[in-house]
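Inspection log for the structure reproduced underneath, given as structure tokens.
In what follows, every heavy atom counts, from backbone to side chain, and hydrogens, waters and symmetry copies are set aside. Note that this is a predicted model, so its numbers are computed, not measured.
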Amino acid sequence: GAGAPLEQVAVETVRAVLEDNEQAPLMVTCLNQEEFESDYEESEEAEKATDYDDYLTESDYVEEVEEEEEDAVDLWIVRNSLDEGMSQLEILTYENKQNCTNRKLINICNEPIEAICVYKSNQIWCVDSSKCIFIYCCKTYKKLNQYLLDIKIESKIEWMYSLDSMDKLLMCSNNGTILILNIYSSTRADQSIDELEYILFNLSLPVHSSVIIPTRYDKNYDLWLGSNNGDLLSFSLKTMKLIGCY
């Protein structure tokens with residue numbers, strides 16, 4: 001047969017992810033890059049036409065009421081299909097909240113994906129259980145690079161945060177291991193990554209939740225962690241030290 005309609009497949013995909021009780025669903029959203037580019041080109045054309053508009057009189061304009069269009073959004077979903085021996089990224093493109101117009105599947109690796117995030121609006125970063133990082137382009141959906149981190153983290157990476165303004169990315173495991181990546185990007189058109197450097201800090205403390213918060217007086221961040229013993233910890237990414245325990 002022709003198979004299920006794309007929209008039905010998309011709804012079933014999202015439902016399956018949300019109903020997975022074994023772990024929190026891993027998914028991120030970002031603007032569809034092709035849609036964003038076309039909008040940018042249209043705005044440039046409109047800017048060029050400004051000089052011509054200066055010569056028009058009020059009677060030359062025809063009043064039009066147009067319904068505002070929503071931006072197309074890509075939903076990236078991790079599918080740890082270990083029964084099939086392959087973890088995948090499923091990408092669903094929505095032109096509005098209810099209309100899925102495209103679906104892609106990307107085979108990533110043979111290990112479970114532990115965390116995922118969007119970096120600088122145009123890249124998807126994810127890390128698997130072997131601590132290998134995979135980077136994908138939001139426009140072409142192609143892999144830009146992958147790096148196997150030369151570190152030993154026995155616990156699971158639970159959280160991944162993009163610190164775009166600092167060209168950094170932060171990962172935190174469920175035993176309080178904090179990993180900060182310094183990212184040196186290429187100037188080439190493919191926006192690939194030339195080099196990664198990292199700083200490792202281990203709190204050796206079971207952690208069940210985390211949140212990243214910008215600091216008030218400088219362009220930096222504090223990482224707040226909720227520990228299993230009921231403590232709330234504040235860790236400064238500027239000094240790489242614990243600055244509070246509550």
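When all heavy atoms are compared, the tightest approach of Cys138 to Trp76 is CA-CZ2, 4.1 Å. Contact record, Val28 with Cys117: CG1-CA, 4.0 Å, taken as the closest heavy-atom pair. Across all their heavy atoms, Leu26 and Ala115 have their closest contact at CD1-N, 4.2 Å. Of all the heavy atoms in Tyr119 and Ser162, the pair that sits closest is CD1-OG, 3.2 Å. Closest non-hydrogen pair, Thr140 versus Cys137, comes out as OG1-CB, 3.3 Å.
Between Glu90 and Arg79 a salt bridge is recorded (basic side-chain N to carboxylate O distance below 4.0 Å). A salt bridge is defined here as a Lys NZ or Arg NE, NH1 or NH2 lying under 4.0 Å from an Asp or Glu carboxylate O, and Asp150 with Lys131 fails to meet this definition.
Between Asp231 and Tyr246, the closest side-chain pair of non-hydrogen atoms is not below 4.5 Å. A 4.5 Å side-chain heavy-atom check between Phe235 and Cys172 finds every atom pair outside the cut-off. A 4.5 Å side-chain heavy-atom check between Leu170 and Leu179 finds every atom pair outside the cut-off. Looking only at side-chain heavy atoms (C-beta outward), Leu92 and Ile77 come within less than 4.5 Å of each other. Two residues are said to be in side-chain contact when any heavy atoms from C-beta on lie closer than 4.5 Å; Leu200 and Ile178 fail this criterion. Taking 4.5 Å as the limit, every side-chain heavy atom of Leu233 sits out of range of all side-chain heavy atoms of Trp224. Two residues are said to be in side-chain contact when any heavy atoms from C-beta on lie closer than 4.5 Å; Lys168 and Ile183 fail this criterion. Looking at Met86 and Asn110, their side chains come closer than 4.5 Å, going by heavy atoms from C-beta outward.
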Q. Should Ile116 and Leu89 be marked as a side chain to side chain contact (heavy atoms under 4.5 Å, CB included) after you check the CA-CA gap, both sets of side-chain angles, and the distance that decides it?
A. CA-CA 10 Å; Ile116 187 171; Leu89 282 173; 3.8 Å; yes
Q) Step by step, would you call Leu75 with Met27 a side chain to side chain contact (heavy atoms under 4.5 Å, CB included)? A) CA-CA 7 Å; Leu75 176 63; Met27 55 178 138; 3.9 Å; yes
Q: Go through the steps to decide whether Ile124 and Ile135 satisfy the test side chain to side chain contact (heavy atoms under 4.5 Å, CB included), and finish with yes or no.
A: CA-CA 6 Å; Ile124 298 294; Ile135 307 171; over 6 Å; no
Q.
Working note: Tyr141 + Asp74, criterion side-chain hydrogen bond (donor to acceptor under 3.5 Å, both in side chains); need CA distance, chi angles, decisive distance, verdict.
A. CA-CA 11 Å; Tyr141 309 111; Asp74 285 335; 2.9 Å; yes
Q: Show your working on side chain to side chain contact (heavy atoms under 4.5 Å, CB included) between Leu181 and Met160 and close with a plain yes or no.
A: CA-CA 11 Å; Leu181 301 177; Met160 201 170 183; 5.9 Å; no
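Panel note: side chain Ser87, backbone Ile108; no donor-acceptor pair is recorded below 3.5 Å. Although no hydrogens or angles enter the test, the distance criterion places a donor-acceptor pair under 3.5 Å between the side chain of Asp164 and the main chain of Lys120. In terms of modelled atom types and a separation under 3.5 Å, the side chain of Glu158 and the main chain of Ser173 share no donor-acceptor contact. When atom types are taken as modelled, the side chain of Asp128 and the backbone of Glu111 share no donor-acceptor pair closer than 3.5 angstrom. Looking at Ser236, its side chain does come within 3.5 Å of a backbone N or O of Lys238 through a donor-acceptor pair.
Note on Leu203 and Met240: same hydrophobic cluster, where clusters join Ile, Leu, Val, Met, Phe, Trp and Tyr whose side-chain heavy atoms are under 4.5 Å apart, directly or indirectly. One hydrophobic cluster holds both Ile157 and Ile151 under the rule that ILVMFWY side chains link at heavy-atom gaps under 4.5 Å. Note on Ile91: it clusters hydrophobically with Tyr136, by side-chain heavy-atom contacts below 4.5 Å among ILVMFWY residues. Taking hydrophobic clusters as Ile, Leu, Val, Met, Phe, Trp and Tyr residues chained together by side-chain heavy-atom distances below 4.5 Å, Ile243 does not share a cluster with Ile180. Both Phe134 and Val118 belong to a common hydrophobic cluster when Ile, Leu, Val, Met, Phe, Trp and Tyr are linked at side-chain heavy-atom distances under 4.5 angstrom.
For the atom pair CG (Leu223) and CG (Leu237), the distance works out to 6.0 Å, reported to the nearest 0.5 Å. For the atom pair CG of Leu225 and OG of Ser234, the computed distance is 8.5 Å after rounding to the nearest 0.5 Å. Note that the CG atom of Asp222 and the CG atom of Asn220 stand 7.5 Å from one another [nearest 0.5 Å]. Note that CD of Glu114 is 11.5 Å distant from CH2 of Trp159, once rounded to the nearest 0.5 Å. Rounded to the nearest 0.5 angstrom, Trp125 CH2 and Tyr147 OH are separated by 7.0 Å. Taking CD1 of Ile113 as the start and CG of Asn80 as the end, the distance is 6.0 Å to the nearest 0.5 Å.
Side-chain N/O atoms of Lys143 and Gln146 include a donor and acceptor closer than 3.5 Å. In the model, Tyr184 has no side-chain atom that pairs as donor or acceptor with a side-chain atom of Asn182 under 3.5 Å.
Residues that satisfy the side chain to side chain donor-acceptor pair (under 3.5 Å) test with Ser121, not counting sequence neighbours, are absent from this structure. In terms of the side-chain contact (heavy atoms from CB on, under 4.5 Å) criterion, residue partners of Asn102 (sequence neighbours excluded) are, by chain and number, Thr93, Lys104.
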Enumerate donor-acceptor pairs with a distance under 3.5 Å from any side-chain N or O in residues 204-211 to protein atoms, sequence neighbours excluded.
unit_1, atom_1, unit_2, atom_2, d
His208, NE2, Ser227, O, 3.3
Ser210, OG, Tyr161, OH, 2.6

